[in-house]
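Some notes on the structure that comes next.
Within every chain, numbering begins at 1; the chains are lettered A, B, ... in the order of the sequence lines, protein sequences first and strands thereafter.
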There are 4 protein chains.
Amino acid sequence: MPNAPDPARRSERSRKAILDATLALLHESGYRDLTVEAIAARAGVGKQTIYRWWSGRGAVVLDALAEQVSSAGPPVLPDSGDLEADLRAVVRAIVAELADPRLSATTRALTIETLSSETLAEQVRDRLLRPQLDAIKTRLRSARQAGHLRKEADLDQAVELLIGPMYHRWMLRTGPLTDEYADGIVDLAMAALRPRAA
Amino acid sequence: MPNAPDPARRSERSRKAILDATLALLHESGYRDLTVEAIAARAGVGKQTIYRWWSGRGAVVLDALAEQVSSAGPPVLPDSGDLEADLRAVVRAIVAELADPRLSATTRALTIETLSSETLAEQVRDRLLRPQLDAIKTRLRSARQAGHLRKEADLDQAVELLIGPMYHRWMLRTGPLTDEYADGIVDLAMAALRPRAA
Amino acid sequence: MPNAPDPARRSERSRKAILDATLALLHESGYRDLTVEAIAARAGVGKQTIYRWWSGRGAVVLDALAEQVSSAGPPVLPDSGDLEADLRAVVRAIVAELADPRLSATTRALTIETLSSETLAEQVRDRLLRPQLDAIKTRLRSARQAGHLRKEADLDQAVELLIGPMYHRWMLRTGPLTDEYADGIVDLAMAALRPRAA
Amino acid sequence: MPNAPDPARRSERSRKAILDATLALLHESGYRDLTVEAIAARAGVGKQTIYRWWSGRGAVVLDALAEQVSSAGPPVLPDSGDLEADLRAVVRAIVAELADPRLSATTRALTIETLSSETLAEQVRDRLLRPQLDAIKTRLRSARQAGHLRKEADLDQAVELLIGPMYHRWMLRTGPLTDEYADGIVDLAMAALRPRAA
DNA sequence: GGCTAATCGAGACGGTACGTCTCGTCTTGTA
DNA sequence: TACAAGACGAGACGTACCGTCTCGATTAGCC
C-alpha cells in the first residue's frame with residue numbers, strides 16, 4: 001500500500017529549500033538542465049522527499065513559480081482613466097519580459113510543461129496566468145462601463161486579442177518584440193474594441 | 001576525423017522507414033514517449049543511421065512532419081471576393097484542427113520543439129508554419145488592394161491578430177474552440193482592420 | 001546529547017512483540033527479506049523503539065533466537081554409558097536439523113551475522129552455540145574419565161571434529177546430510193579419539 | 001523483450017576492469033561496502049555493462065575471485081611420500097590464511113554469498129572450493145593406495161574431517177588459529193584414518 | 001562484373017537521470 | 001519521557017535512453 005503521506009507532518013523547511021533550489025537552478029542553468037537529482041542535492045534534501053510531495057519535475061517548477069508569483073500579491077493594472085495608455089503600459093511590459101531571454105526562459109519551460117501534461121496545464125493556467133489575465137480583464141471591464149469599449153464586447157476574447165499575438169510572435173520568433181510592436185497591438189485591439197460611433 | 005557522410009549513398013528506404021516510424025509512434029504514444037531508440041527499433045534501423053543524418057529526435061520529428069505537410073502541396077486560400085467569409089472558413093478550419101486532440105498532437109509536438117531549440121524553431125517556422133501564414137497573408141494583401149482593409153495595415157500583424165488568440169486559447173485551454181469562437185475572432189479582426197470610413 | 005534510554009521505563013510488551021515478530025518473519029520470509037521496517041510494522045511498534053534498544057537487525061535476530069533457545073533450558077546430552085550411541089544420537093539430530101531447509105534458515109541467518117560483525121559473532125558464539133557445544137563437551141569429559149577417550153584428548157578440538165565437518169558439508173552442499181553420514185562422522189571421530197590400545 | 005546480449009561482442013577490457021575493480025574494492029573496504037555503483041565508477045564503466053553480464057553484486061564477486069584463483073592454475077599438493085608431513089603443510093597454510101584478517105575477508109565474502117543464494121553457492125563450491133578439496137583428495141587417494149590410509153576410507157569425508165573443524169573455528173572464533181592447532185587437526189585426522197593395525 | 005569503400009542493421013559501450021527502496025535518525029503528537 | 005507513527009537525509013538499487021563506438025554484411029559507384 002502506498003499510503004498517502006500526511007501533509008500535517010510535512011517539513012516546511014524542506015518545502016522551502018526545494019522551491020528555492022528549483023528557482024536558483026532555473027536561473028543558473030535553465031530548464032533543460034534542471035533535474036530532480038540536482039534540486040535534491042542543492043536543497044540538501046533526499047530525492048524521496050521531492051517525490052513524496054510532487055509528481056515530478058514539472059510539478060515542482062510549477063509550485064516554485066507559483067510561490068514566486070503569489071508572494072508578489074495579486075497583480076493590479078493602473079486605472080488612469082486613459083484605457084489606451086494603461087494597456088500600452090502593460091503590453092509593453094509583457095513584451096519586454098518576453099524579449100528578455102533570461103526572463104522568458106521560465107515562461108518557455110512552463111509552456112513546454114503545459115503542452116506535455118494536461119493536469120499541469122490546468123495548474124499553470126489557474127495559478128500563474130489567470131491572475132495576470134484577470135487583472136487586464138478587470139481594467140477592460142471598468143473601461144466598458146465607462147463607455148470606452150463596445151457594450152457587447154466579450155472581455156475574455158478581448159484579453160486574448162491583446163495577449164495572443166504577442167505570445168505567438170514570441171514562440172515562433174516571427175518578428176521583433178519591441179515597444180513599437182506592443183503599441184501596434186494596442187492600436188489594433190483598440191480599433192477592434194472601441195465603440196463604433198466613436 | 002568524423003568525415004561527413006555521403007548523401008549520394010544514403011539509403012532512401014531507411015530514410016522513409018525512419019520518418020514513417022516517427023509519425024506512427026507520434027500518433028500512438030505521443031511526443032513524450034518518442035525516443036530515438038524506439039524510432040530505430042520500429043523502423044528496423046540502427047541508431048547510428050538516425051544520428052548519421054539527423055542531429056537528434058527533434059530534427060527527425062521536424063522532417064517527418066515537414067514531409068507530411070509538404071506532400072499536401074502549398075496551401076492556398078480561396079479568394080471569393082468576400083474577405084470575411086474567406087477568413088471565417090480558414091479560421092474555422094484551424095480551430096477545428098486544434099480542437100481535435102488527435103490532429104493537434106502534431107502541433108503540440110512541433111510547438112515543444114520550437115520552444116526547446118532555437119535552430120529547430122527556425123526550421124519549424126520557415127518550413128511548416130510560414131506557408132500557412134503566407135497563404136493568409138496573400139489573401140489579406142489582395143483584400144487590402146481591393147480596399148477592404150485599411151491601406152496602412154501591417155499584414156504580418158494582421159495575420160497574428162487572427163492566429164495568435166486561437167493558439168493562446170488552445171495552449172492554455174482557457175475556453176472552448178468552436179465555430180462561434182472562430183467567427184468571433186474574425187469579427188474582431190475585421191473590426192480592427194476594416195477601413196475607418198467604411 | 002544522545003542520552004541513553006532508561007531501561008527501567010522500557011516497555012516489556014514492545015520488547016516481546018518485537019522478538020515475536022522477528023521470529024515470525026524469519027520463518028515466513030527468511031532472513032533476506034527481514035527488515036527493521038517490517039519487524040516494526042508487524043510488531044505494531046515504532047522503528048525508533050527498535051533502534052533505541054538494539055543496534056540493528058542482527059542484534060534483534062540474535063536476541064530473538066537467544067530467547068527462543070534459552071526458553072528451552074540448557075541442553076543436556078544423555079549419558080547412557082555408551083559414548084558412541086550417545087554421539088550418534090546428537091549428531092543425527094543436528095544433521096537432521098541442518099537438512100531441513102526450514103529449520104536451518106535460522107542457522108543460516110545467524111552464520112551470516114557471525115561473518116558480518118565481530119561483536120555479533122561473539123554473542124552468537126557465547127549465547128547460542130556455546131551451550132550446545134558445552135553439552136557435548138561435558139559428555140566427552142565424562143567419557144574421558146571413564147577411559148573411553150584418550151586421556152590427552154583436547155575436548156574442544158574433539159567437539160570441533162564432530163561438528164565442523166557437518167557444518168562444512170551443510171554450507172557448501174558438498175554431499176548428502178543423512179543418518180548414514182552422521183554415523184560416518186561419529187565412526188571417524190571415535191577412531192580418532194579412542195584410546196590407542198583399544 | 002529483454003534479448004540476451006551477444007557474448008561475442010563483449011568487451012574484454014571492460015570485463016577485466018570490472019573484475020579488477022571488484023577485487024580492489026573488496027580489499028580496500030570489505031564486502032559490506034561493496035556496491036555495484038562503486039564497482040562501475042572504479043572500473044570506469046557504465047552500470048548497465050555490469051548488469052548486462054552479471055545478475056548482481058554476488059555474481060561479480062564470484063567471478064572476480066574465481067578469476068583470481070584460476071589464474072594461479074590448478075592447485076596440486078606435494079607428494080613427498082610422507083602423508084602426515086604433506087597434510088601438515090597444507091593445513092598449516094590454510095589455517096594461516098584464515099588467521100590473516102586481510103586474506104580471509106575474501107573467504108568471508110564468499111561464505112556470505114554461499115549462504116544467501118543457492119545458485120551462487122553451487123558456483124562457489126564448484127569453481128572455487130572444489131579444486132582445493134580435490135587436490136587434497138588426490139593426495140589422500142595416493143596415500144590410500146600406498147597403504148597409509150584405511151582401504152575403506154571415504155575420501156570426501158576424510159577431506160571434510162581435515163577442513164571442517166578449521167572453518168568452524170574460524171567462523172565462530174572459538175579458539176586460536178595457529179600452527180599447533182593445524183598440527184593437532186592433522187594428528188586427529190591421521191588417528192582416524194590410519195590403518196588399524198598400524 | 002568485380003573491387004572497394006561507405007552505409008547499413010545491430011547492439012555493446014560509458015554515462016546520466018530516473019523513480020523506488022531501505023537504511024538509521026529526527027520530529028510530532030499521545031499516554 | 002517512552003511510545004507509535006512516519007517524514008526525513010542519504011544513497012544504492014536496477015532501468016531507460018542518451019549519443020558514440022565497434023562489428024560483419026550488404027550495397028553502391030568506379031574501374
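If you take CD of D:E12 and P of E:dA12, they are 16 Å apart, rounded to a whole angstrom. Spacing between atom CG of D:D6 and atom C1' of F:dA25 amounts to 15 Å, rounded to whole angstrom units. Distance A:L34 CG to E:dT16 C1': 15 Å, rounded to the nearest Å. The CZ-C1' distance, from C:R15 to F:dA4, rounds to 19 Å in whole Å. In this structure, the NZ atom of C:K16 is 23 Å from the P atom of F:dA2, given to the nearest Å. Regarding A:Y51, its OH atom lies at a distance of 14 Å from the C1' atom of F:dC13, rounded to whole Å. Rounded to an integer number of Å, the gap from CD1 of D:I18 to P of E:dG15 is 12 Å. The CZ-P distance, from C:R32 to E:dT22, rounds to 13 Å in whole Å.
C:E122 and D:R173 are not joined by a salt bridge, as no carboxylate oxygen comes within less than 4.0 angstrom of a charged side-chain nitrogen. Salt bridge annotation for C:R15-C:E67: present, with a cationic side-chain nitrogen under 4.0 angstrom from a carboxylate oxygen. Using a cut-off of 4.0 Å between Lys/Arg side-chain N and Asp/Glu carboxylate O, A:E28 and A:R42 are scored as salt-bridged.
In this structure the side chain of B:V124 reaches within 4.5 angstrom of the side chain of B:L62, judged on heavy atoms. Between B:R10 and B:W53, some side-chain heavy-atom pair lies under the 4.5 Å cut-off. Looking only at side-chain heavy atoms (C-beta outward), C:V61 and C:R57 come within less than 4.5 Å of each other.
For CZ of C:R52, the number of neighbouring non-hydrogen atoms (other residues, nucleotides, ligands) closer than 6.0 Å is greater than 12. C:E118 CD: 12 or fewer foreign heavy atoms inside a 6.0 Å radius.
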Between C:R127 and C:D63, is the salt bridge (charged side-chain N to carboxylate O under 4.0 Å, His left out) condition met? List the steps.
CA-CA 9 Å; C:R127 298 174 55 193; C:D63 258 22; 3.1 Å; yes
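The base of E:dT7 does not come close enough to the side chain of B:R10 for any donor and acceptor atom to sit less than 3.5 Å apart. Below the 3.5 angstrom threshold, one finds no donor paired with an acceptor across the side chain of B:R9 and the base of E:dT7.
Remark: B:S14 is not in phosphate contact with E:dT7, judged by side-chain N or O atoms under 4.0 Å from OP1 or OP2.
Taking every heavy atom of residues 52-62 of chain A and every atom of DNA chain F, pairs under 4.0 Å involve A:R52, A:W53, by number. Of the residues in residues 36-50 of chain D, those lying under 4.0 Å from DNA chain F by heavy-atom distance are D:V36, D:E37, D:K47, D:Q48.
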